[in-house]
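Just follow the structure's listing: the first ligand is 1, and inside any ligand the first atom is 1.
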Amino acid sequence: MTVQRGRHFLQIPGPTNVPDRVLRAMDAPTIDHRGPEFAKLTLAILEDLKPVFKTTGEIVIFPSSGTGAWEASLVNTLSPGDRILMFETGQFAMQWHRMAKNLGLNAEVIPGDWRHGADPAQLERLLKEDRAHEIKAVAVVHNETSTGVTSRIPEIRKAIDRAGHPALLMVDTISSLASIDYRHDEWGVDVTVAGSQKGLMLPPGIAFNAIGPKARTAAKSSRTPKSYWNWEDILSAGKSGFFPYTPATNILYGLREALRMLHEEGLENVFARHARLAEATRRAARAWGLEILCLDPEEYSNSLTALMMPEGHNADNLRKLILERYNMSLGTGLGKLQGKVFRIGHLGDFNELMLAGTLCGVEMGLTAAGVPHKHGGVLAALDYLAAGGQPQVAARAATRSA
Ligand SMILES: Cc1ncc(COP(=O)(O)O)c(C=O)c1O
(Lines give C-alpha, C1' and ligand atoms only; values in the text may rest on other atoms or scores of the structure.)
Protein backbone atom coordinates (compact mmCIF):
# COMPACT_ATOMS: atom_id res chain seq x y z
CA MET A 1 0.00 0.00 0.00
CA THR A 2 1.29 3.48 -0.81
CA VAL A 3 1.72 5.76 2.16
CA GLN A 4 -0.13 9.02 1.69
CA ARG A 5 1.06 12.18 3.43
CA GLY A 6 -0.84 15.34 4.22
CA ARG A 7 -4.47 15.60 5.22
CA HIS A 8 -6.98 13.39 3.49
CA PHE A 9 -9.52 15.48 1.52
CA LEU A 10 -12.93 14.14 2.58
CA GLN A 11 -15.05 15.73 -0.13
CA ILE A 12 -17.98 13.35 -0.03
CA PRO A 13 -21.29 15.06 0.81
CA GLY A 14 -21.16 13.77 4.35
CA PRO A 15 -19.89 12.66 6.72
CA THR A 16 -17.97 15.93 6.46
CA ASN A 17 -14.66 17.16 7.86
CA VAL A 18 -14.88 17.43 11.65
CA PRO A 19 -13.19 20.67 12.76
CA ASP A 20 -10.32 20.44 15.25
CA ARG A 21 -12.33 22.41 17.81
CA VAL A 22 -15.03 19.75 17.73
CA LEU A 23 -12.50 16.90 17.92
CA ARG A 24 -10.87 18.53 20.95
CA ALA A 25 -14.24 19.05 22.61
CA MET A 26 -15.06 15.34 22.27
CA ASP A 27 -11.66 14.33 23.66
CA ALA A 28 -12.84 14.44 27.28
CA PRO A 29 -13.83 11.89 29.91
CA THR A 30 -17.33 10.50 29.50
CA ILE A 31 -19.49 11.70 32.38
CA ASP A 32 -22.41 10.14 34.26
CA HIS A 33 -25.40 10.55 31.95
CA ARG A 34 -27.70 10.56 34.99
CA GLY A 35 -25.73 13.25 36.83
CA PRO A 36 -26.24 17.03 37.14
CA GLU A 37 -23.42 18.04 34.76
CA PHE A 38 -24.97 15.98 31.96
CA ALA A 39 -28.43 17.50 32.48
CA LYS A 40 -26.95 21.00 32.10
CA LEU A 41 -25.21 19.94 28.88
CA THR A 42 -28.40 18.55 27.30
CA LEU A 43 -30.61 21.46 28.28
CA ALA A 44 -28.12 23.98 26.86
CA ILE A 45 -27.79 22.00 23.62
CA LEU A 46 -31.56 21.70 23.15
CA GLU A 47 -31.87 25.51 23.50
CA ASP A 48 -28.98 26.27 21.14
CA LEU A 49 -30.31 23.86 18.52
CA LYS A 50 -33.60 25.74 18.20
CA PRO A 51 -32.27 28.67 16.14
CA VAL A 52 -30.52 26.18 13.83
CA PHE A 53 -33.85 24.50 13.03
CA LYS A 54 -35.52 27.93 13.28
CA THR A 55 -38.09 26.59 15.69
CA THR A 56 -39.29 27.46 19.16
CA GLY A 57 -40.79 23.98 19.53
CA GLU A 58 -39.58 20.56 20.63
CA ILE A 59 -36.43 18.83 19.40
CA VAL A 60 -35.46 15.25 20.20
CA ILE A 61 -32.00 13.74 19.82
CA PHE A 62 -31.51 10.03 19.08
CA PRO A 63 -28.24 8.12 19.41
CA SER A 64 -28.66 6.88 15.83
CA SER A 65 -27.87 7.63 12.23
CA GLY A 66 -30.27 9.75 10.16
CA THR A 67 -32.22 6.65 9.14
CA GLY A 68 -33.37 6.28 12.74
CA ALA A 69 -34.78 9.81 12.69
CA TRP A 70 -36.65 8.94 9.47
CA GLU A 71 -38.20 5.97 11.24
CA ALA A 72 -39.11 8.09 14.26
CA SER A 73 -40.89 10.63 12.03
CA LEU A 74 -43.11 7.89 10.59
CA VAL A 75 -43.81 5.64 13.57
CA ASN A 76 -44.71 8.49 15.89
CA THR A 77 -47.25 10.21 13.66
CA LEU A 78 -48.85 7.58 11.42
CA SER A 79 -50.78 4.30 11.71
CA PRO A 80 -50.55 1.14 9.61
CA GLY A 81 -52.30 1.62 6.25
CA ASP A 82 -52.13 5.43 6.35
CA ARG A 83 -51.50 7.08 2.98
CA ILE A 84 -48.29 9.07 2.67
CA LEU A 85 -47.08 10.85 -0.47
CA MET A 86 -43.35 10.80 -1.12
CA PHE A 87 -41.51 12.53 -3.97
CA GLU A 88 -38.99 10.51 -5.95
CA THR A 89 -36.23 13.09 -5.91
CA GLY A 90 -33.43 10.51 -5.74
CA GLN A 91 -31.93 7.59 -3.85
CA PHE A 92 -32.58 8.91 -0.33
CA ALA A 93 -36.22 9.73 -1.06
CA MET A 94 -36.63 6.17 -2.36
CA GLN A 95 -35.01 4.71 0.75
CA TRP A 96 -37.38 6.68 2.97
CA HIS A 97 -40.23 5.38 0.82
CA ARG A 98 -39.01 1.78 1.20
CA MET A 99 -38.93 2.24 4.95
CA ALA A 100 -42.49 3.60 4.95
CA LYS A 101 -43.65 0.52 3.04
CA ASN A 102 -41.76 -1.78 5.41
CA LEU A 103 -43.56 -0.13 8.32
CA GLY A 104 -46.93 -1.01 6.81
CA LEU A 105 -47.83 2.45 5.50
CA ASN A 106 -49.62 2.98 2.21
CA ALA A 107 -46.67 4.90 0.78
CA GLU A 108 -47.13 6.36 -2.70
CA VAL A 109 -44.34 7.71 -4.83
CA ILE A 110 -44.74 10.79 -6.98
CA PRO A 111 -42.32 9.81 -9.77
CA GLY A 112 -39.40 12.05 -10.60
CA ASP A 113 -36.39 12.13 -12.94
CA TRP A 114 -33.70 12.62 -10.21
CA ARG A 115 -32.82 15.98 -11.83
CA HIS A 116 -35.57 18.11 -10.32
CA GLY A 117 -36.93 18.73 -6.84
CA ALA A 118 -40.43 18.04 -5.54
CA ASP A 119 -43.06 19.68 -7.75
CA PRO A 120 -45.46 21.92 -5.78
CA ALA A 121 -48.04 22.15 -8.61
CA GLN A 122 -48.30 18.37 -8.86
CA LEU A 123 -48.66 18.08 -5.10
CA GLU A 124 -51.44 20.68 -5.08
CA ARG A 125 -53.32 18.74 -7.77
CA LEU A 126 -53.01 15.42 -5.92
CA LEU A 127 -54.09 16.90 -2.60
CA LYS A 128 -57.10 18.63 -4.17
CA GLU A 129 -58.19 15.28 -5.62
CA ASP A 130 -58.07 13.74 -2.14
CA ARG A 131 -61.38 15.20 -0.96
CA ALA A 132 -61.74 12.61 1.82
CA HIS A 133 -58.38 13.65 3.26
CA GLU A 134 -57.06 10.11 3.23
CA ILE A 135 -53.51 11.33 2.71
CA LYS A 136 -52.07 11.76 6.17
CA ALA A 137 -48.60 13.03 5.32
CA VAL A 138 -46.35 14.40 2.59
CA ALA A 139 -42.63 13.62 2.83
CA VAL A 140 -39.94 15.59 1.02
CA VAL A 141 -36.16 15.39 1.11
CA HIS A 142 -35.08 19.05 1.26
CA ASN A 143 -31.63 18.48 -0.19
CA GLU A 144 -31.34 15.21 -2.13
CA THR A 145 -27.79 14.15 -1.40
CA SER A 146 -27.75 11.66 -4.27
CA THR A 147 -28.44 14.33 -6.90
CA GLY A 148 -27.51 17.78 -5.57
CA VAL A 149 -31.06 19.10 -5.99
CA THR A 150 -32.74 21.23 -3.31
CA SER A 151 -36.52 21.16 -3.19
CA ARG A 152 -38.42 24.39 -2.57
CA ILE A 153 -40.06 23.69 0.78
CA PRO A 154 -41.83 27.09 1.11
CA GLU A 155 -43.58 26.38 -2.20
CA ILE A 156 -44.49 22.87 -1.07
CA ARG A 157 -46.04 24.42 2.03
CA LYS A 158 -48.01 26.90 -0.08
CA ALA A 159 -49.26 24.06 -2.32
CA ILE A 160 -50.59 22.18 0.73
CA ASP A 161 -52.25 25.34 2.00
CA ARG A 162 -53.77 26.20 -1.38
CA ALA A 163 -55.27 22.70 -1.50
CA GLY A 164 -56.66 23.30 2.01
CA HIS A 165 -55.33 19.87 2.97
CA PRO A 166 -54.54 18.80 6.55
CA ALA A 167 -51.68 16.37 5.67
CA LEU A 168 -48.59 16.58 7.84
CA LEU A 169 -45.44 17.89 6.15
CA MET A 170 -42.27 15.92 6.92
CA VAL A 171 -38.93 17.17 5.67
CA ASP A 172 -35.54 15.44 5.61
CA THR A 173 -32.84 18.07 6.18
CA ILE A 174 -29.99 15.61 6.68
CA SER A 175 -27.78 17.35 4.11
CA SER A 176 -29.24 20.86 4.33
CA LEU A 177 -29.48 21.77 8.02
CA ALA A 178 -26.83 24.35 8.96
CA SER A 179 -25.73 24.58 5.31
CA ILE A 180 -28.80 25.80 3.39
CA ASP A 181 -31.49 28.11 4.78
CA TYR A 182 -34.19 26.09 6.51
CA ARG A 183 -37.09 27.33 8.65
CA HIS A 184 -39.11 24.70 10.52
CA ASP A 185 -41.66 27.07 12.08
CA GLU A 186 -42.03 29.66 9.33
CA TRP A 187 -42.42 27.02 6.61
CA GLY A 188 -45.02 25.14 8.64
CA VAL A 189 -43.09 21.89 8.76
CA ASP A 190 -44.55 19.32 11.14
CA VAL A 191 -41.56 16.99 11.47
CA THR A 192 -37.98 17.83 10.50
CA VAL A 193 -35.47 14.99 10.22
CA ALA A 194 -31.76 15.79 10.65
CA GLY A 195 -28.41 14.12 11.29
CA SER A 196 -25.10 15.04 12.89
CA GLN A 197 -22.61 14.27 10.17
CA LYS A 198 -23.06 17.00 7.57
CA GLY A 199 -23.74 20.70 8.21
CA LEU A 200 -23.41 20.20 11.95
CA MET A 201 -19.76 19.14 11.40
CA LEU A 202 -19.92 16.18 13.79
CA PRO A 203 -19.06 12.53 13.34
CA PRO A 204 -22.01 10.29 12.43
CA GLY A 205 -23.93 8.97 15.42
CA ILE A 206 -26.77 11.24 16.48
CA ALA A 207 -29.95 12.28 14.69
CA PHE A 208 -32.83 14.65 15.34
CA ASN A 209 -36.53 15.29 14.97
CA ALA A 210 -37.93 18.80 15.34
CA ILE A 211 -41.58 18.37 16.15
CA GLY A 212 -44.37 20.84 15.47
CA PRO A 213 -47.63 20.99 17.46
CA LYS A 214 -49.70 19.25 14.76
CA ALA A 215 -47.28 16.32 14.76
CA ARG A 216 -47.44 16.14 18.56
CA THR A 217 -51.23 15.86 18.31
CA ALA A 218 -50.98 13.23 15.56
CA ALA A 219 -48.63 11.24 17.81
CA LYS A 220 -51.41 10.86 20.37
CA SER A 221 -53.53 8.79 17.96
CA SER A 222 -50.72 6.96 16.09
CA ARG A 223 -51.16 3.19 16.30
CA THR A 224 -47.79 2.10 14.86
CA PRO A 225 -45.91 -0.01 17.42
CA LYS A 226 -42.83 1.82 18.67
CA SER A 227 -40.52 1.76 21.62
CA TYR A 228 -36.97 3.04 21.10
CA TRP A 229 -38.23 5.81 18.80
CA ASN A 230 -41.17 6.90 20.97
CA TRP A 231 -41.11 10.70 21.21
CA GLU A 232 -43.09 10.80 24.44
CA ASP A 233 -40.44 8.88 26.42
CA ILE A 234 -37.65 11.09 25.09
CA LEU A 235 -39.54 14.34 25.57
CA SER A 236 -40.51 13.47 29.10
CA ALA A 237 -36.93 12.50 30.12
CA GLY A 238 -35.60 15.49 28.13
CA LYS A 239 -37.52 18.02 30.25
CA SER A 240 -34.94 17.53 33.00
CA GLY A 241 -32.03 17.09 30.57
CA PHE A 242 -31.89 13.29 30.49
CA PHE A 243 -32.46 10.46 28.01
CA PRO A 244 -34.51 7.28 28.48
CA TYR A 245 -31.37 5.33 27.46
CA THR A 246 -27.64 5.87 27.23
CA PRO A 247 -26.98 8.96 25.11
CA ALA A 248 -23.97 9.54 22.85
CA THR A 249 -22.28 11.66 25.53
CA ASN A 250 -19.07 12.54 23.71
CA ILE A 251 -20.83 13.45 20.47
CA LEU A 252 -22.96 15.80 22.55
CA TYR A 253 -19.76 17.52 23.76
CA GLY A 254 -18.93 17.90 20.08
CA LEU A 255 -22.40 19.24 19.33
CA ARG A 256 -22.06 21.89 22.03
CA GLU A 257 -18.85 23.09 20.38
CA ALA A 258 -20.26 22.88 16.83
CA LEU A 259 -23.26 24.99 17.88
CA ARG A 260 -20.90 27.57 19.38
CA MET A 261 -19.03 27.69 16.07
CA LEU A 262 -22.24 28.09 14.04
CA HIS A 263 -23.54 30.84 16.29
CA GLU A 264 -20.16 32.65 16.31
CA GLU A 265 -20.12 32.71 12.50
CA GLY A 266 -23.83 33.52 12.29
CA LEU A 267 -26.20 31.21 10.43
CA GLU A 268 -26.76 33.69 7.59
CA ASN A 269 -22.99 33.85 7.05
CA VAL A 270 -22.85 30.05 7.10
CA PHE A 271 -25.49 29.92 4.35
CA ALA A 272 -23.71 32.63 2.33
CA ARG A 273 -20.40 30.74 2.60
CA HIS A 274 -22.04 27.56 1.34
CA ALA A 275 -23.73 29.47 -1.51
CA ARG A 276 -20.42 31.05 -2.53
CA LEU A 277 -18.46 27.80 -2.54
CA ALA A 278 -21.26 25.99 -4.38
CA GLU A 279 -21.40 28.65 -7.09
CA ALA A 280 -17.62 28.49 -7.50
CA THR A 281 -17.90 24.71 -7.94
CA ARG A 282 -20.58 25.13 -10.62
CA ARG A 283 -18.42 27.68 -12.44
CA ALA A 284 -15.59 25.16 -12.48
CA ALA A 285 -17.95 22.49 -13.82
CA ARG A 286 -19.19 24.73 -16.63
CA ALA A 287 -15.65 25.67 -17.60
CA TRP A 288 -14.70 21.97 -17.69
CA GLY A 289 -17.73 21.38 -19.89
CA LEU A 290 -19.18 18.79 -17.49
CA GLU A 291 -22.94 18.74 -17.08
CA ILE A 292 -24.48 19.50 -13.70
CA LEU A 293 -27.06 16.82 -12.86
CA CYS A 294 -29.53 19.34 -11.38
CA LEU A 295 -31.44 20.93 -14.25
CA ASP A 296 -33.09 23.90 -12.55
CA PRO A 297 -30.73 26.65 -11.34
CA GLU A 298 -33.33 27.61 -8.70
CA GLU A 299 -32.81 24.13 -7.23
CA TYR A 300 -29.02 23.95 -7.26
CA SER A 301 -27.75 22.51 -4.01
CA ASN A 302 -25.33 24.53 -1.94
CA SER A 303 -24.17 21.39 -0.07
CA LEU A 304 -22.96 19.34 -3.00
CA THR A 305 -22.71 19.25 -6.77
CA ALA A 306 -23.30 16.09 -8.77
CA LEU A 307 -21.49 16.11 -12.13
CA MET A 308 -22.25 13.86 -15.06
CA MET A 309 -19.50 11.92 -16.80
CA PRO A 310 -19.10 12.15 -20.57
CA GLU A 311 -20.51 9.10 -22.42
CA GLY A 312 -18.25 6.05 -22.15
CA HIS A 313 -16.44 7.18 -18.98
CA ASN A 314 -17.07 5.70 -15.55
CA ALA A 315 -17.23 8.06 -12.58
CA ASP A 316 -15.95 5.41 -10.18
CA ASN A 317 -12.74 4.93 -12.19
CA LEU A 318 -12.13 8.66 -11.93
CA ARG A 319 -12.88 8.62 -8.19
CA LYS A 320 -10.49 5.69 -7.68
CA LEU A 321 -7.68 7.47 -9.50
CA ILE A 322 -8.25 10.68 -7.53
CA LEU A 323 -8.24 8.77 -4.24
CA GLU A 324 -5.06 6.87 -5.04
CA ARG A 325 -3.09 9.75 -6.54
CA TYR A 326 -4.33 12.77 -4.63
CA ASN A 327 -5.73 11.32 -1.39
CA MET A 328 -9.19 12.77 -1.93
CA SER A 329 -12.56 11.03 -1.55
CA LEU A 330 -15.40 12.18 -3.78
CA GLY A 331 -19.00 10.95 -3.55
CA THR A 332 -19.99 7.96 -5.67
CA GLY A 333 -23.12 7.87 -7.83
CA LEU A 334 -25.92 6.22 -5.87
CA GLY A 335 -28.56 3.80 -7.16
CA LYS A 336 -29.24 4.28 -10.84
CA LEU A 337 -26.57 7.00 -10.99
CA GLN A 338 -23.76 4.58 -10.10
CA GLY A 339 -20.82 5.16 -12.45
CA LYS A 340 -22.65 7.98 -14.21
CA VAL A 341 -22.03 10.84 -11.78
CA PHE A 342 -19.58 11.81 -9.10
CA ARG A 343 -20.48 14.17 -6.30
CA ILE A 344 -18.37 16.96 -4.84
CA GLY A 345 -19.29 17.70 -1.24
CA HIS A 346 -18.81 21.38 -0.33
CA LEU A 347 -20.51 21.57 3.03
CA GLY A 348 -19.67 21.81 6.69
CA ASP A 349 -16.30 23.07 7.93
CA PHE A 350 -15.12 24.20 4.51
CA ASN A 351 -13.53 27.28 2.97
CA GLU A 352 -12.13 28.79 -0.22
CA LEU A 353 -8.71 27.16 -0.06
CA MET A 354 -10.17 23.75 0.75
CA LEU A 355 -12.43 24.16 -2.28
CA ALA A 356 -9.47 25.23 -4.41
CA GLY A 357 -7.61 22.05 -3.40
CA THR A 358 -10.70 19.97 -4.10
CA LEU A 359 -11.20 21.42 -7.57
CA CYS A 360 -7.48 21.03 -8.35
CA GLY A 361 -7.79 17.35 -7.45
CA VAL A 362 -10.77 16.96 -9.76
CA GLU A 363 -9.11 18.80 -12.64
CA MET A 364 -5.86 16.83 -12.34
CA GLY A 365 -7.93 13.64 -12.07
CA LEU A 366 -9.92 14.42 -15.23
CA THR A 367 -6.68 14.93 -17.16
CA ALA A 368 -4.94 11.88 -15.69
CA ALA A 369 -7.95 9.63 -16.34
CA GLY A 370 -8.28 10.85 -19.91
CA VAL A 371 -11.79 12.21 -19.38
CA PRO A 372 -12.59 14.72 -22.14
CA HIS A 373 -12.92 18.18 -20.64
CA LYS A 374 -11.78 21.74 -21.15
CA HIS A 375 -9.06 23.27 -19.02
CA GLY A 376 -9.74 26.27 -16.83
CA GLY A 377 -12.32 25.03 -14.32
CA VAL A 378 -10.11 25.79 -11.33
CA LEU A 379 -9.29 29.22 -12.74
CA ALA A 380 -12.97 30.07 -13.28
CA ALA A 381 -13.70 29.17 -9.65
CA LEU A 382 -10.71 31.13 -8.33
CA ASP A 383 -11.61 34.23 -10.36
CA TYR A 384 -15.12 34.14 -8.98
CA LEU A 385 -13.93 33.67 -5.39
CA ALA A 386 -11.23 36.33 -5.72
CA ALA A 387 -13.89 38.82 -6.85
CA GLY A 388 -15.79 38.19 -3.63
CA GLY A 389 -18.15 35.50 -4.90
CA GLN A 390 -21.62 36.95 -5.14
CA PRO A 391 -24.02 34.02 -4.89
CA GLN A 392 -26.70 35.46 -7.21
CA VAL A 393 -28.84 32.36 -7.68
CA ALA A 394 -28.90 31.42 -4.02
CA ALA A 395 -29.71 34.99 -3.02
CA ARG A 396 -32.59 35.08 -5.51
CA ALA A 397 -33.98 31.77 -4.23
CA ALA A 398 -33.83 33.01 -0.64
CA THR A 399 -35.74 36.20 -1.54
CA ARG A 400 -38.42 34.17 -3.33
CA SER A 401 -38.89 31.95 -0.30
CA ALA A 402 -39.08 34.81 2.23
C1 LIG B 1 -30.78 13.23 2.50
C2 LIG B 1 -30.42 12.03 3.32
N3 LIG B 1 -31.37 11.36 3.96
C4 LIG B 1 -31.11 10.29 4.70
C5 LIG B 1 -29.82 9.80 4.84
C6 LIG B 1 -29.57 8.58 5.66
O7 LIG B 1 -28.88 8.96 6.81
P8 LIG B 1 -27.91 7.95 7.58
O9 LIG B 1 -27.00 7.38 6.56
O10 LIG B 1 -27.23 8.84 8.60
O11 LIG B 1 -28.76 6.93 8.23
C12 LIG B 1 -28.79 10.46 4.19
C13 LIG B 1 -27.40 9.98 4.31
O14 LIG B 1 -26.50 10.45 3.68
C15 LIG B 1 -29.08 11.61 3.41
O16 LIG B 1 -28.12 12.26 2.78
Using only atom types and a distance under 3.5 Å, with no angle test, would you say the side chain of [X] pairs donor to acceptor with the backbone of [Y]?
| X | Y | result |
| --- | --- | --- |
| R283 | V378 | no |
| H346 | N302 | yes |
| R157 | G188 | yes |
| D349 | V18 | no |
| R319 | L330 | yes |

Please state whether H142 comes within less than 4.0 angstrom of ligand 1, counting heavy atoms only.
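The answer is no, since H142 has no heavy atom less than 4.0 Å from ligand 1.
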Under a heavy-atom criterion of less than 4.0 Å, does W96 contact ligand 1?
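Heavy atoms of W96 never come under 4.0 Å of ligand 1.
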Proximal atoms of ligand 1 relative to [X] (non-hydrogen, under 4.0 Å):
| X | value |
| --- | --- |
| T67 | 6 (C), 7 (O), 8 (P), 11 (O) |
| T145 | 1 (C), 2 (C), 15 (C), 16 (O) |
| N143 | 1 (C) |
| V141 | 1 (C) |
| S65 | 8 (P), 10 (O), 11 (O) |

Among protein heavy atoms, which lies nearest [atom], and at what distance?
| atom | answer |
| --- | --- |
| atom 5 (C) of ligand 1 | F92 CD2, 3.5 Å |
| atom 3 (N) of ligand 1 | D172 OD2, 2.6 Å |
| atom 14 (O) of ligand 1 | K198 NZ, 2.7 Å |

Can an N or O of Q197 be found at a distance shorter than 3.5 Å from an N or O of ligand 1?
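Yes, since at least one N or O of Q197 sits under 3.5 Å from an N or O of ligand 1.
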Which atom of R276 lies closest to which atom of G388, heavy atoms considered
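Minimum heavy-atom separation between R276 and G388: CD-O, 3.6 Å.
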Heavy atoms only: give me the nearest A194-A69 pair and the separation to one decimal.
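Distance-wise, the nearest heavy atoms are O-CB, 4.1 Å.
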Would you say CD of E311 has more than 12 non-hydrogen atoms from neighbouring residues, nucleotides or ligands within 6.0 angstrom?
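No, the 6.0 Å shell around CD holds no more than 12 heavy atoms from other groups.
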